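These numbers were taken from a predicted model, which means no experiment stands behind them. Labels below follow one simple rule: chain letters A, B, ... track the order of the sequence lines, proteins then strands, and each chain is numbered from 1.
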Amino acid sequence: MSEQEDNLPVDENHVIAERREKLKAIRAQGIAFPNDFKPDALAANIHAAHSGTENEAFEAKPVHVKVAGRMMLKRVMGKASFATLQDKSGRIQLFIGSSNLDEATYEAFKHWDLGDILGATGHLFKTKTGELSVKVTELRLLTKSLRPLPEKFHGLTDQEVKYRQRYVDLIVNEETRATFMARSKVVSAIRNFMIQNEFLEVETPMLHPIPGGASAKPFMTHHNALDMQMFMRIAPELYLKRLVVGGFERVFEMNRNFRNEGLSVRHNPEFTMMEFYAAYTDYHWLMTFTEDCIRAAAIAARGTATLSYDGKEVDLSKPFERLTVIGAIQKHAPEFTLAQLNDEDFLRKELKKHGLEANKHAGVGSLQLSLFEEVAEAKLWNPTYIIDYPVEVSPLARASDKNPEITERFELFITGREMANGFSELNDAEDQAARFNAQMKAKEAGDTEAMYYDADFIRALEYGMPPTGGCGIGIDRLVMLITDSPSIRDVILFPHMRAEA
RNA sequence: GGGGCGUUAGCUCAGCUGGUAGAGCAGCGGACUUUUAAUCCGUUUGUCGUGGGUUCGAUCCCCGCACGCCCUACCA
């Protein structure tokens with residue numbers, strides 16, 4: 001302890017200096033950070049059980065409680081004071097009167113600060129204005145807070161501080177707490193939904209020798225003992241499919257993916273994906289299942305599937321619309337004729353008008369997809385599945401039996417954002433090997449996001465993977481939708497930031 | 001990566017055409033035995049993000065940099 005005193009940080013301001021002085025005095029009197037107070041009641045439970053109880057009933061049969069929490073409001077008035085404690089469930093008011101409490105403690109309380117963590121023992125009663133409160137008979141300072149909280153009425157609004165010091169944001173902003181509690185409900189609802197449908201939850205590697213399962217730039221790292229380059233995973237797909245080969249016919253994994261790409265209101269370098277695979281299912285089954293899963297998550301978190309996002313209604317309660325890439329263009333950009341949309345030269349010219357230079361090797365399918373992204377994607381406000389993605393942009397998806405140029409793949413859009421991506425899996429080992437070879441050629445031609453050839457994955461497929469459907473749901477974006485949050489950073493507790501200035 | 005906007009007390013914010021900074025909350029002292037963002041009286045606190053430039057003089061005008069937010073690009 002004596003060494004510590006020499007290393008005390010220089011105080012940033014007089015408020016902190018004042019509080020350090022108070023702490024010093026508390027240390028001198030005994031144990032400054034006691035850990036022997038055990039609360040037996042939570043604010044929300046007290047309100048739920050006794051909001052209807054009147055003082056006559058409390059007098060006839062006193063209700064004793066021990067509560068603990070952070071002091072958020074404090075009103076000192078001569079010999080009787082009020083304080084508001086906040087615990088994980090909510091807030092409860094304390095009535096602290098010198099007639100119920102020993103004089104020394106009451107005097108000490110007057111000098112305690114907003115943000116201090118207190119433990120209070122007493123019995124319930126209602127004040128003149130009818131507020132359920134604890135008449136305190138014993139009061140203890142459990143943890144001295146050295147830093148002043150943000151202003152008690154306006155709270156914390158600085159986005160940078162909200163993200164960098166989430167602990168402060170959580171202390172003072174009820175909406176932030178509500179958002180992350182909703183996120184937890186979404187996650188557990190999805191997990192329950194999967195388990196109820198006989199999926200096995202698994203954990204596959206985060207460190208990959210070969211990045212695979214998506215088209216994205218990976219984070220690179222190095223394993224010292226093995227002296228080998230490793231990649232943070234960009235997707236768990238190829239490992240989950242190995243498990244389907246192994247006989248785990250229904251598996252899911254809900255965890256982080258890492259992609260070394262730009263940041264935006266919809267992109268964080270690490271993000272959470274729920275990816276699942278079900279043998280003997282196809283993309284039609286996946287669409288219905290994904291829809292049911294998302295609906296269950298919304299209802300678990302919000303009590304309804306009819307949501308509001310950015311002031312506009314989003315209806316998850318009705319069956320999601322299903323459109324082909326061409327169908328979506330025709331619906332949202334009816335100026336194009338079917339003949340034009342199948343004319344490679346026309347598509348290239350049209351994309352050029354939008355400032356896009358299409359890849360020389362791009363076929364009609366991917367040109368159509370590019371045009372779709374330009375003219376239709378952002379307009380898909382209510383849930384819409386887009387189906388029939390071209391083979392060349394879907395190297396892991398099963399090709400359609402009717403048209404070898406397209407795959408049995410869908411992407412789900414809600415509020416103009418991609419929420420999920422799924423397909424009937426490619427389980428033809430020889431076709432998969434050929435697709436990997438095509439990706440290798442693209443990589444050699446300069447496509448930095450093209451996939452690597454994963455020989456072990458091919459070997460696994462050669463043992464035989466049953467016909468399977470698989471899908472990934474972007475959990476952060478889903479939580480954004482369900483909590484009406486404008487930025488992905490609002491639904492990630494500690495979002496990626498640059499080093500502090 | 002490109003573009004726009006922002007950064008003033010611990011927090012929320014004012015600060016006019018350039019003359020070395022203010023309010024409320026928080027803090028400190030005082031009054032007050034049922035308050036609700038308690039109230040009332042008194043009072044303390046600032047490298048005005050950072051480095052240059054223009055000027056007799058810069059929080060203010062100009063340039064660079066840092067960080068943040070938004071848009072955009074790649075992507076989920």
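- Taking the six-membered ring for Trp and the full ring otherwise, A:Tyr453 and A:Phe436 have centroids separated by under 6.0 Å.
- A sub-4.0 Å separation between OP1 or OP2 of B:G68 and a side-chain N or O of A:Arg498 is present.
- Candidate nucleotides B:A38, B:G68, B:U34 were compared by shortest atom distance to the side chain of A:Phe95, and B:U34 ranks first.
- Between A:Lys22 and B:C28 there is a side-chain N or O to OP1 or OP2 distance below 4.0 Å.
- Among B:C74, B:C69, B:C11, the nucleotide with an atom closest to any side-chain atom of A:Met497 is B:C69.
- Side-chain proximity of A:Leu73 to B:G29, B:A38, B:G68: nearest is B:A38.
- Summarising the geometry, the separation between CG on A:Leu114 and C1' on B:A38 is reported as 13 Å, rounded to the nearest angstrom.
- Taking atom CZ of A:Phe153 as the reference point, atom C1' of B:C13 lies 14 Å away to the nearest angstrom.
- By the 4.0 Å N-to-carboxylate-O rule, A:Arg177 lies close enough to A:Glu174 to be salt-bridged with it.
- In terms of position on RNA chain B, the residue among A:Ser487 and A:Glu411 whose nearest nucleotide sits closer to the 5' end is A:Ser487.
- Comparing B:C25 with B:U39, their P atoms sit 7 Å apart, to the nearest whole Å.
- Between the CD atom of A:Glu374 and the C1' atom of B:U72 there is a distance of 12 Å, rounded to whole Å.
- As judged by a 4.0 angstrom heavy-atom cut-off over every strand, A:Lys162 is placed among residues making no nucleic acid contact.
- Residue A:Ile234 is out of contact with every strand shown, counting any heavy-atom pair closer than 4.0 Å.
- Nucleic acid contact for A:Thr127: base, since at least one base atom lies under 4.0 Å from a heavy atom of the residue.
- With a 4.5 Å cut-off on side-chain heavy atoms, A:His208 and A:Ile234 do not count as touching.
- The residue among A:Gly474 and A:Leu263 whose nearest nucleotide of RNA chain B lies closer to the 5′ end is A:Leu263.
- Residue contacts shown for A:Asn268 include a base, since a base heavy atom lies under 4.0 Å away.
- Proximity of A:Arg164 to the phosphate of B:G68: a side-chain N or O atom is located under 4.0 Å from OP1 or OP2.
- A:Ile473 comes within contact range of no nucleotide atom at all, as no heavy-atom separation falls under 4.0 Å.
- Closest to the side chain of A:His154, from the set B:U33, B:U12, B:G27, is B:U12.
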For Watson-Crick and G-U wobble pairs within 3.5 Å on both distances, what is RNA chain B written in dot-bracket notation, | included for inter-strand pairing? (((((((..((((.....[..)))).(((((.......))))).....(((((..]....))))))))))))....

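- Of the listed nucleotides (B:C28, B:U35, B:U12), B:U12 has the atom at the smallest distance from the side chain of A:Thr157.
- Here B:U35 is the nucleotide among B:U35, B:G27, B:G29 with the atom lying nearest to any side-chain atom of A:Met77.
- Note that OG1 of A:Thr53 is 4.5 Å distant from CZ of A:Phe58, once rounded to the nearest 0.5 Å.
- Backbone-only contact: A:Arg489 has heavy atoms under 4.0 Å from sugar-phosphate atoms and none from a base.
- Picking from B:A73, B:A38, B:U34 the nucleotide with the shortest atom distance to the side chain of A:Arg75 gives B:A38.
- No contact: A:Met273 has no heavy atom under 4.0 Å from any strand.
- Side-chain atoms of A:Asp490 and A:Ser487 form no donor-acceptor pair, as typed in the model, at a separation below 3.5 Å.
- No hydrogens or angles considered: nothing links the side chains of A:Thr407 and A:Tyr283 as a donor-acceptor pair under 3.5 Å.
- Within the nucleic acid shown, A:Asn421 has no heavy atom closer than 4.0 Å to any nucleic acid atom.
- At least one side-chain nitrogen or oxygen of A:Lys152 sits closer than 4.0 Å to the OP1 or OP2 atom of B:A38.
- At the heavy-atom level, A:Gly97 lies nowhere under 4.0 Å from the strands shown.
- The pair A:Asp476-A:Arg266 does not count as a salt bridge, with every side-chain nitrogen at least 4.0 angstrom from each carboxylate oxygen.
- The residue A:Gln93 sits close to a base: some heavy atom pair falls under 4.0 Å.
- When distances are taken from the side chain of A:Glu151 to each of B:A26, B:C69, B:C25, the shortest belongs to B:C25.
- Backbone-only contact: A:Gly155 has heavy atoms under 4.0 Å from sugar-phosphate atoms and none from a base.
- When distances are taken from the side chain of A:Phe82 to each of B:U34, B:U33, B:A26, the shortest belongs to B:U34.
- Counting non-hydrogen atoms under 4.0 angstrom, A:Phe125 reaches a base of the nucleic acid.
- Here the rule is salt bridge (charged side-chain N to carboxylate O under 4.0 Å, His left out) with A:Arg233, and of A:Glu275, A:Glu270, A:Glu253 only A:Glu253 fits it.
- Set against B:U33, B:C70, B:C28, the side chain of A:Val265 has B:C70 as its closest nucleotide.
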Determine, stepwise, if the pair A:Glu18 / A:Lys22 fulfils salt bridge (charged side-chain N to carboxylate O under 4.0 Å, His left out). CA-CA 6 Å; A:Glu18 186 74 44; A:Lys22 290 179 183 179; 5.6 Å; no

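- In summary, of the residues considered (A:Val168, A:Asp169, A:Leu493), a side-chain contact (heavy atoms from CB on, under 4.5 Å) with A:Thr176 occurs for A:Asp169 alone.
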